[in-house]
2 protein chains.
Amino acid sequence: MSHTSGVRQAQKEKTRRALMDAALGLLEDQSLSSLGLREVTRAVGVAPAAFYRHFRDLSDLGVALVEECLGSLHHMIGAILAGQEGDEERIEATVDAVAEHVRRYPAHIRFIARERHGGVRPVRQAIAAELDRFADEVAIAFRPQLPAESWPPEDVRMLAEMYVDHMVMTATAFLEAQADHPEAADERRVAATARKQLLLISLGRRHWHDA
Amino acid sequence: MSHTSGVRQAQKEKTRRALMDAALGLLEDQSLSSLGLREVTRAVGVAPAAFYRHFRDLSDLGVALVEECLGSLHHMIGAILAGQEGDEERIEATVDAVAEHVRRYPAHIRFIARERHGGVRPVRQAIAAELDRFADEVAIAFRPQLPAESWPPEDVRMLAEMYVDHMVMTATAFLEAQADHPEAADERRVAATARKQLLLISLGRRHWHDA
DNA sequence: AAATTCAGCGAACGGCTGTTTACTGAATGA
DNA sequence: TCATTCAGTAAACAGCCGTTCGCTGAATTT
């Protein structure tokens, strides 16, 4: 077996990261299915053939990017679910966390939004699978707080999917708000809308047993 | 001015439609930003240069497709908003209408889902503008049914955006369900989830004044 | 009947694409 | 110290790309 460190491996991983970073940068104004292999290697400053030392093709690189981008989101979700506050405090914390995440990793969110329904099947599937896992986590975190007699597992799952979808929606809304113009006015409007929508869902959840 | 009919104009529009249809077909497994001009003309059986008689470039064709695809959705929304039934009947009618629309025009829905956050700015903007108009319509239709003292215009707008976003989400979920396998099992599951989510929103709306 | 318009054609252009090949030379291991 | 491994190289490959050009011939207008 090979060592996990060493000058050799380190340099290889460095180039690999450079390829992924360059790709993520180039994907800010095009889709993965139109990204060129040469375009990526050129941006890194490396020969086209070097690409194949790291990835089979561009959709392989895309799948790697999915793990990276949704990995960072995963940490954020974990932090939110760990908080044990009340409804309104949790909403506030969630929206703030999403806003900051988008500010910090805009390229990650753009990539996910763009490729979630994009033209490269393996990437689409990787994103769908990861978002499914997110919904699982949210469902597990919510279950103990919901009375079991009015909340069968399928309804809990439905609720969890709604939260995950809403989170992705909100993140892309923040992204577009900061893309239109870097002022903070639009961003506050998006945050206000997101908070109200989450409040509406909370109200619906509280009265779910009526149905 | 030129006549609206005539053999000349008719043939031109026929070719134009053929280009748009071919593009929509080719876009089922790639994004607009990777679609080639020659690819489209080849599919139609026409010389590459002929393309320029109808569109400035591919993003121009994309904008034309947005109008077509969201135009068909527009009719569907109008029909739903015209119905004057109660909450649960409206939910049922909405989900059924979306399901049938996706069954009838899958390529339209795929195009909108894929290019809503895709790599071609003019197309993104056209879709965003049209969905905004949808939200306006929904807001106008809902306003008379909501007590004005607990529903300021911005909250009505928030609710309308939520319904529009949920409709798009549901449509793409139907699309993926029928793409995975043409059986009806997944489709029913998507419909059940969508109905429950709409019911949850309805419950939240009914108790909005509590907040 | 003659003049005009104009959708579509075919050819050519420079430039870019993904992939393969044999290679080099530094890090690694015996 | 010497042999091996292997990330990255340079060059060549056939093939596709968007765009421009002058031209044709049928529909239209005068």
Side-chain angles (χ1 to χ4, degrees), chain A residues 1-23 25-27 29-65 115 118-123, chain B residues 1-23 25-27 29-65 115 118-123:
Chain A
M1 275 289 134
S2 58
H3 288 93
T4 51
S5 87
V7 182
R8 209 74 181 278
Q9 299 261 359
Q11 253 300 335
K12 179 167 184 181
E13 275 200 31
K14 198 172 163 188
T15 308
R16 188 186 145 101
R17 284 201 61 86
L19 287 168
M20 290 176 63
D21 289 346
L26 292 164
L27 285 174
D29 20 50
Q30 63 183 311
S31 326
L32 181 60
S33 76
S34 73
L35 184 65
L37 179 152
R38 293 181 106 104
E39 206 176 342
V40 177
T41 57
R42 196 186 309 127
V44 174
V46 109
F51 182 89
Y52 296 100
R53 301 287 181 198
H54 304 274
F55 305 100
R56 191 182 311 274
D57 51 30
L58 274 163
S59 81
D60 192 19
L61 183 146
V63 171
L65 280 177
E115 302 305 329
V120 183
R121 183 166 353 223
V123 171
Chain B
M1 275 292 133
S2 57
H3 289 92
T4 52
S5 86
V7 182
R8 209 78 182 275
Q9 297 263 359
Q11 252 301 333
K12 180 167 183 182
E13 275 199 31
K14 198 173 163 188
T15 307
R16 189 186 144 99
R17 283 203 60 87
L19 287 168
M20 290 175 63
D21 289 345
L26 291 165
L27 284 174
D29 20 50
Q30 63 183 309
S31 328
L32 182 59
S33 75
S34 72
L35 184 65
L37 178 152
R38 293 182 106 104
E39 207 176 341
V40 178
T41 57
R42 195 186 310 127
V44 174
V46 108
F51 182 89
Y52 296 100
R53 301 288 182 197
H54 303 274
F55 304 100
R56 191 183 312 275
D57 51 30
L58 274 163
S59 82
D60 192 19
L61 182 146
V63 171
L65 280 178
E115 302 304 329
V120 183
R121 184 167 350 224
V123 171

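The figures that follow rest on heavy atoms only: side chains count, while hydrogens, waters and symmetry mates do not. Order of the sequence lines fixes the chain letters, A, B, ..., with proteins taken first and strands second; residue numbering starts at 1 for each chain.
- Note: CZ (R56(B)) to P (dT19(D)) measures 11 Å, nearest angstrom.
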* To do: Treat primed atoms plus P, OP1 and OP2 as sugar-phosphate and everything else as base, then score nucleotides 8-15 of chain C 5' to 3': B for base contact with protein heavy atoms under 4.0 Å, S for sugar-phosphate contact only, - for none.
  => BBB-B---
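- For Y52(A) and dT19(C), the shortest distance from a side-chain N or O to OP1 or OP2 is below 4.0 Å.
- When only modelled atom types and interatomic distance are considered, S33(A) and S34(B) share a side-chain donor-acceptor pair under 3.5 Å.
- In this structure, L58(B) places its CG atom 11 Å from P of dC17(D), rounding to the nearest Å.
- For E115(B) (side chain) and V120(B) (main-chain N/O), no donor-acceptor pair under 3.5 Å exists by modelled atom type.
- For L37(B) and dT20(D), the CG to P distance is 11 Å, given to the nearest whole Å.
- Counting to the nearest Å, the P atom of dA10(D) and the CZ atom of F51(A) are 19 Å from each other.
- Under a 3.5 Å cut-off, the side chain of S31(A) and the backbone N or O of L27(A) do not form any donor-acceptor pair.
- Computed from coordinates, the D57(B) CG to dT19(D) C1' distance equals 12 Å when rounded to whole Å.
- Atom CD of E13(A) and atom P of dA27(C) are 17 Å apart (whole Å).
- In this structure, L35(B) places its CG atom 14 Å from C1' of dC16(D), rounding to the nearest Å.
- Rounded to whole angstrom, the span from the CZ atom of R8(B) across to the P atom of dT28(D) amounts to 7 Å.
- Between R42(B) and dC17(D) there is a side-chain N or O to OP1 or OP2 distance below 4.0 Å.
- Considering only heavy atoms from C-beta on, K14(B) stays 4.5 Å or farther from R17(B) through its side chain.
- Remark: L61(B) CG to F51(B) CZ distance equals 5.0 Å, nearest 0.5 Å.
- Between L35(A) and L58(A), the closest heavy-atom pair is O-CD1, 3.0 Å.
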